[in-house]
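Side-chain atoms are counted along with the backbone in the values below, which use heavy atoms only and exclude waters and symmetry mates. Numbers restart at 1 for each chain; the letters A, B, ... are given by sequence-line order, proteins then strands.
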Amino acid sequence: MDKLALDIAHFLAGSLVLVSLMLLYQDRLPALLNVFAFQAIILALSVAWQAYVQGASDLYLTAAITLSVKAIIIPVALHRMIRRLGIHREVETAINIGPTMLAGLGLVALSVVVILRVTVNADVFAREDLAFALSVVLLGMLMMVTRRNAVSQVVGFMSLENGLILAATGAKGMPFVVEISVAFSVLIAFIVIGIFLFRIRERFDTVDLEAMDDFRGESR
Amino acid sequence: MIGMPSSGEGLILAIPLVTAVILIFIPNYRISAGLNASSAFLSLLAALSLFIRTPEPGPYLLVDDLNIIFIVLNTFVGFTASVFSASYIAHELETGRLTKTQLRFYHAMYQILLFSMSLSLLANNIGLMWVAIELATLTTVLMVGIYRTHEALEAAWKYFILGSVGISLALFGTILVYMAARPVVGEGPDGMVWTVLIEHAASLDPGLLNLAFVFLMLGYGTKVGLAPLHAWLPDAHAEGPTPVSAVLSGLLLNVALHAVLRFKLLLAANPGAIAPGPLLVTMGLVSLIFAGFMMYRRKDIKRLFAYSSIEHMGIIAFAFGMGGPLANFAGLLHMTMHSLTKSAIFFAVGHIAQAKDTQNIAEIRGLTVSHPLLGWGLVVGVAAIAGMPPLGVFMSEFLVVSSTFARAPLLAIPLVIGLLVAFGALMLKVHGLAFGEPTGVSHPVKASYLPMIAHLGLVFTAGIYLPPPLVTWFQHVAVLLH
């Protein structure tokens with residue numbers, strides 16, 4: 001890979017981490033969904049760039065799936081859903097934005113330190129790409145634990161998964177990348193339909209997971 | 001991709017898949033329940049045929065001495081659970097808890113679950129293994145939520161979110177393994193084929209392998225139900241249909257454990273990598289002690305036995321973590337005994353919950369008086385799972401404890417404490433359930449006791465006499481496992 005190709009790949013992967021950090025402080029659901037769609041577009045660009053650089057034409061398919069499913073279909077569906085549920089107001093955060101951002105920065109530092117130490121023998125691109133990917137994965141997990149609302153947890157999960165796709169496409173010649181991205185799309189579709197069904201059937205008064213915990217069969 | 005249909009491993013995969021498609025279109029529940037059971041039986045026969053002719057490992061599928069134990073156990077319990085399911089489901093249909101459409105869906109999902117578990121066990125490709133475990137997760141989520149009650153949907157949702165995060169972490173680990181393999185075996189599909197990986201294990205980058213194992217352990221460990229990643233397990237067991245609880249406890253946890261063992265082997269074969277044992281030992285002990293204490297406070301009968309599953313997966317993980325021929329042998333034996341006993345208990349519990357219209361432990365009393373066969377079946381099952389001699393679980397637990405005393409006496413102390421705590425909890429609960437004056441509603445049950453009796457009979461026999469060929473086989477695999 002020549003210098004310019006490497007720089008562009010790094011630029012895209014780095015942007016993905018930045019957008020993951022942006023996701024952390026969005027306190028309104030519509031804005032959260034827009035930022036997520038933006039992240040998906042960057043991921044699609046990054047995957048397409050990898051497809052071009054590696055000459056792996058099947059990765060274009062992954063890029064197309066990412067763009068159509070995660071940048072368009074899912075955000076549009078979720079936008080409609082939150083409007084119908086009447087929850088396009090605020091995102092309830094379990095802990096404050098300040099500490100969350102600090103924790104997020106800590107996680108990025110952690111993943112860079114861990115990956116760069118561990119992969120001294122691997123090639124330059126792979127290890128730096130992996131550091132970015134692990135950051136995105138950990139930031140997605142952080143978002144899942146700090147948010148209480150089901151929709152924002154799903155966004156957290158999808159951003160986690162964006163990190164996985166980044167890692168998979170960065171690993172040159174990895175088989176099954178397309179299959180895995182399809183499998184994940186199915187998984188996400190199930191989750192989204194799940195939230196939708198919960199509400200449509202009016203089983204829950206809220207999609208707030210904390211309220212759901214009360215229905216557990218046991219008192220703890 | 002699935003392989004030649006003429007071979008045993010191809011049949012194990014093809015039979016459930018074809019049956020699932022047929023089952024979607026059969027409205028009559030008697031026919032579909034019968035088809036479900038006979039298809040599971042055919043899968044068992046196909047699995048047994050692997051003993052006669054073990055196929056060569058291909059790029060996608062692999063049959064070796066390790067996974068053949070898992071496959072035979074899986075198809076056997078899959079078959080007996082389908083027989084139990086037939087009588088259980090008939091009752092659910094009568095009481096209107098399930099509609100006919102849901103039932104068609106249920107049977108198709110049951111077969112797809114068997115398919116995905118076999119695929120994951122047979123996979124020679126770590127990517128394929130991951131996809132199969134994801135499919136198994138999805139189908140069980142749908143089955144857990146099938147009653148559409150508040151609690152069932154909540155349990156399914158929780159299982160879904162935690163399971164998804166778990167398999168995401170496992171995927172990251174899988175990618176890391178590929179990256180470790182790429183410089184050695186080259187780009188492309190070979191980097192994910194397990195037989196190729198294990199062949200080159202010594203020359204893989206140890207740093208990447210260590211990191212990969214942490215992710216794989218956390219990811220697949222979630223599916224094994226090891227504490228502190230177990231939160232989904234009690235809910236999923238308690239709220240789904242009981243045949244699904246039996247399959248979850250008896251089989252799906254083993255499938256995830258099999259994945260962990262495969263990667264443990266990979267690490268063990270690399271001199272530079274960390275020893276995977278201590279991580280397994282720690283998580284195993286934490287699960288054992290935590291679940292032991294949690295059992296005292298359970299009010300729901302299915303939740304009680306779900307925690308008991310966490311406890312036993314802890315013991316198994318501990319045994320495999322200790323390693324060495326004796327502990328591995330004990331781990332394999334304990335896994336087999338736990339699968340048989342726990343599914344037998346769930347068979348009994350399923351009918352008990354139907355007979356008493358409740359899963360609340362406090363409302364179930366005097367089962368040995370009101371339903372002698374069910375009551376005594378439960379007593380024997382619980383005695384077995386608590387580790388009373390001369391039943392099979394006693395023997396495997398005894399082996400785990402004695403091999404630990406011989407090698408690391410300090411670790412044996414928390415192990416024995418955990419076992420005793422769990423023993424006490426089970427005895428306390430079963431006493432109230434089985435003895436005393438029967439209270440509350442009590443329906444007669446049209447149960448098929450055969451699966452329960454067959455399992456308990458096997459566990460009893462194993463406690464007294466293990467056939468020498470089986471012992472030789474387990475010993476052979478125990479040595480392979482390091």
Please round to the nearest 0.5 Å and tell me the distance separating atom [atom1] of [X] and atom [atom2] of [Y].
X         : Y         : atom1 : atom2 : result
Thr137(B) : Leu187(A) : OG1   : CG    : 8.5 Å
Ile175(B) : Leu166(A) : CD1   : CG    : 9.0 Å
Met179(B) : Asp129(A) : CE    : CG    : 7.0 Å
Arg117(A) : Leu211(B) : CZ    : CG    : 13.0 Å

Atom group of Val177(A) that falls short of 4.5 Å from chain B, counting heavy atoms: neither

Show the nearest heavy-atom pair for residues [X] and [Y], with the distance to one decimal.
X         : Y         : result
Phe157(A) : Val165(B) : CE1-N, 4.1 Å
Arg182(B) : Ala171(A) : NH1-C, 3.9 Å
Pro175(A) : Met192(B) : CG-SD, 3.5 Å
Leu128(B) : Phe176(A) : N-CE1, 4.2 Å

Among the listed options Ser168(B), Gly207(B), Gly186(B), Gly127(B), the residue most often paired with chain A at heavy-atom distances under 4.5 Å: Ser168(B)

Leading residue by heavy atom contact count with chain A [cutoff under 4.5 Å; candidates Asn125(B), Leu169(B), Asp190(B), Ile167(B)]: Asn125(B)

Should we count [atom1] of [X] as having more than 12 external heavy atoms under 6.0 Å?
X         : atom1 : result
Met141(A) : CE    : no
Phe38(A)  : CZ    : no
Tyr52(A)  : OH    : no

Residue pair Phe215(B) / Leu134(A), side-chain heavy-atom distance below 4.5 Å: yes

Any side-chain heavy-atom pair of Val118(A) and Leu176(B) under 4.5 Å: no

Partner chain B: residue of Leu160(A), Ile180(A), Val137(A) with the largest heavy-atom pair count (under 4.5 Å): Ile180(A)

Which portion of Phe172(B) sits near chain A, non-hydrogen atoms under 4.5 angstrom: both

